[in-house]
Every structure is written in C-alpha cells, then in structure tokens.
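Written out below as structure tokens is the structure these notes cover.
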Protein chains: 2
Amino acid sequence: MKIAEVSDKTGVSPDTLRYYERVGLLPSVRRNEGGIREYDATDLRRIEFIKCMRRAGLPVETLIEYVQLVLQGDQTIEARKEILQEQRDLLAARIAEMQKTLDLLNYKIGVYESALLEKEKEMLSRVEEF
Amino acid sequence: MKIAEVSDKTGVSPDTLRYYERVGLLPSVRRNEGGIREYDATDLRRIEFIKCMRRAGLPVETLIEYVQLVLQGDQTIEARKEILQEQRDLLAARIAEMQKTLDLLNYKIGVYESALLEKEKEMLSRVEEF
DNA sequence: TCTTGACTTAGAGTTAACTCCAGGTGTTAC
DNA sequence: GTAACACCTGGAGTTAACTCTAAGTCAAGA
C-alpha cells in the first residue's frame, strides 16, 4: 500500500508519515524497486497505535524510545513495561485534571443558563406591566 | 500583590503572567505609581480560572475571546455560554479518547506482565532441570 | 515522446505558548 | 549615595510536532 492510500485510510498526512519514519517511529517501511514506500499490515497497526497514543498527548519522543526498545527484542520487555506504566500514570492524572475542568465548565454553563432565565423572566414581567 | 508573589502563589511564571496580560487574557491589572503591577483578588481568581482551563488544553485564543466578552458586559452572556458549551463538548470528547488510550495502555501493561511471568516460570523450570 | 501526477529527498517554515534577553527604571538596605 | 535587586518594556528565541517547498525521479496515458 502506497503512502496516499495509507494516508486516506488512517487520516495521517503523507508528510506526517514520512516525518514519523524519519524520526524512527515507523522503522522498516519497505520500499519497492523505485524507492517508493510500500506499507504492510504491521506498519498500519503501528500507525494506529501511534495515532491513539498521540491523540492522548504522549510525546513523540517517548514513543520513539518505546519503538526502539521493541526493535531490540525480548530483553527490553521490562523497560518497555516501565515506559508504558509511567505514561499510563501521567495520562490518568491528566484525565483527572480534565475531568475537574469539565465539572467547572458545566457549573459555569449552569450559572449562565440561570442568568439567561432571569433575563427572560424580567422581560416577561415587563410584558405584564404594560 | 506584586508579580513575584503571585507567581509563587499560583505557580505561573512572571513571564507568563506578563504574556497573559499582553495578549488580553488578564486585562486591567492595576499599576502603582512606579508602573509596577499590583494584582488584586479578582486577578488571582482569573489566574486560577486560566490555569484550570489551560491545563485541560483550552487554547489561549479561545480564552481571550471569552475574557473579551466578559468585559463587554451582560449582553454577551449568551455568546459566552456558547463558547463554554463548545469547549465543554470538545473537552468531553478528548477525555473519552484519552480514556480509550488509557484502557489500551493498561491492556498492554497486562500483556507485558504475563510475558514477564512466563519468563520467570521458564527460569524456575530450568532451575528444576538442573 | 511528452505530459501528468504520484512519489522521493533535504531542508526550511509554521504555529502555539511560552521563555528569555538587553537595556532601562524604581526601591530598599546599608 | 550607592549597591543590589525586583521590576519594567519590546522584541527575539525556543520547543514540539508537524507542514510546506523546491528540485528531482518514475510510471502510465494521449
């Protein structure tokens, strides 16, 4: 599968795909005789993984570290697990913070809603006055 | 309260406080005769609000828009509510995505844990062999 | 054969949100 | 009164993560 098709399927731009490869996040993408990238199923799975992690805010650099460990084989399992645990904890903390912000936003929206209701009441009472 | 103290209390650097003011996120910070910033309770509340929103990833630009509406008074309540609702929805969506990533991370950590257990078992069985 | 369009590379440019710097002023402690 | 220090401003620099550009290659169709 060539880069344009991969881009369509995954929603990741060709530029970004090439960038990921360049920085070591997508190693071993095959090339055909003409030097053109041919993505296989493994590449696609990796792209989906990267997408998922990136959307959650994990730094590209951390993902590169992880991928490099994967390439080094089984003796890095412990180290990989530690990276994932660290990122999991950071992510959980960020989710908790965002939840607090969400609560505050909902509270403020509620305040604005009653303010608007008040305004309306006021207008209705004016109607009755006249 | 001067900028250094505010920075200590809030954890926001003096540079960032000045930056927020410059872009219109912290309007109307008073100055003393010497031209030095004197932050009051309202400023502090606003800083806490900004901190909360920024930690959740709301863009500075959106916050500026919101603050500018607040300055324009009551007739902007509807518009302000809409901004908050939009950001609330975006935030809820991001939290949901991050939760998915968190689940995936936990799953992967689990996989690594059983891989490590397997390794250990293997080593124990070797001990029995010899 | 010539053109079109997708692909390649190296490297420069962009964006958001700070963060730092130089040069200057004001305030406080001795 | 002078040294040290906190503050000021305008503007430049930084960082992460892309995103774009220029110049070139290659395959397929008119």
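Lettering follows sequence order; numbering is per chain, from 1.
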### Message
From C-beta outward on Y19(A), which listed nucleotide comes closest to its side chain: dA16(C), dT19(D), dA6(C)?
### Response
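Closest nucleotide to the Y19(A) side chain: dT19(D).
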### Query
Strictly by modelled atom types, are D89(B) and Q85(B) linked by a side-chain donor-acceptor pair under 3.5 Å?
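Their side chains do not contain a donor-acceptor pair, so the 3.5 Å distance test is not met.
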### Task
Find which nucleotide of DNA chain C each of E5(A) and L58(B) is nearest to by heavy atoms, and output the residue with the more 5' nucleotide.
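The residue mapped nearer the 5' terminus is E5(A).
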### Task
Could you check I36(A) against E33(B) and say which one's nearest nucleotide on DNA chain C is further toward the 5' end?
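Counting from the 5' end, the first nearest nucleotide belongs to I36(A).
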d([atom1], [X]; [atom2], [N]) in whole Å:
X      : N       : atom1 : atom2 : value
K2(B)  : dC5(D)  : NZ    : P     : 16 Å
E38(A) : dT8(C)  : CD    : P     : 10 Å
I50(A) : dA17(D) : CD1   : P     : 13 Å
L17(A) : dT19(D) : CG    : C1'   : 13 Å
I3(B)  : dC8(D)  : CD1   : C1'   : 10 Å
L25(B) : dC18(C) : CG    : P     : 9 Å
Y39(A) : dC7(C)  : OH    : C1'   : 11 Å
E21(B) : dC7(D)  : CD    : P     : 14 Å

State whether [X] places a side-chain N or O below 4.0 Å from either non-bridging phosphate oxygen (OP1 or OP2) of [N].
X      : N       : value
R37(B) : dC8(D)  : yes
Y20(A) : dC18(D) : yes
R22(A) : dG11(C) : no
T16(A) : dT19(D) : yes

### Query
Which part of the nucleic acid does P59(A) contact within heavy-atom distance under 4.0 Å: base, sugar-phosphate only, or nothing?
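Here P59(A) touches the backbone only, sparing every base.
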### Message
Does R18(B) reach a base, just sugar-phosphate, or nothing at all? Heavy atoms under 4.0 Å.
### Response
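Since a base atom lies under 4.0 Å of R18(B), the category is base.
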#### Entry: Axial cation check for Y39(B) ring with K9(B), 6.0 Å and 45° limits
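Verdict for Y39(B): no cation-pi partner in K9(B).
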### Task
State, to 0.1 Å, how close G24(B) and V67(B) come at their nearest heavy-atom pair, and which atoms those are.
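Minimum heavy-atom separation between G24(B) and V67(B): O-CG1, 3.7 Å.
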### T76(A) to V70(A) - nearest heavy-atom pair and separation
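Nearest pair, atom of T76(A) first, then V70(A): OG1-N, 4.3 Å.
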### Contact nearer the 5' end of DNA chain D, comparing D15(A) with R31(B)
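The residue mapped nearer the 5' terminus is R31(B).
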### Query
Using 30° and 60° as the class limits, which term best fits the ring planes of Y66(A) and Y112(B): parallel, tilted or perpendicular?
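Geometry flag for Y112(B) against Y66(A): perpendicular rings.
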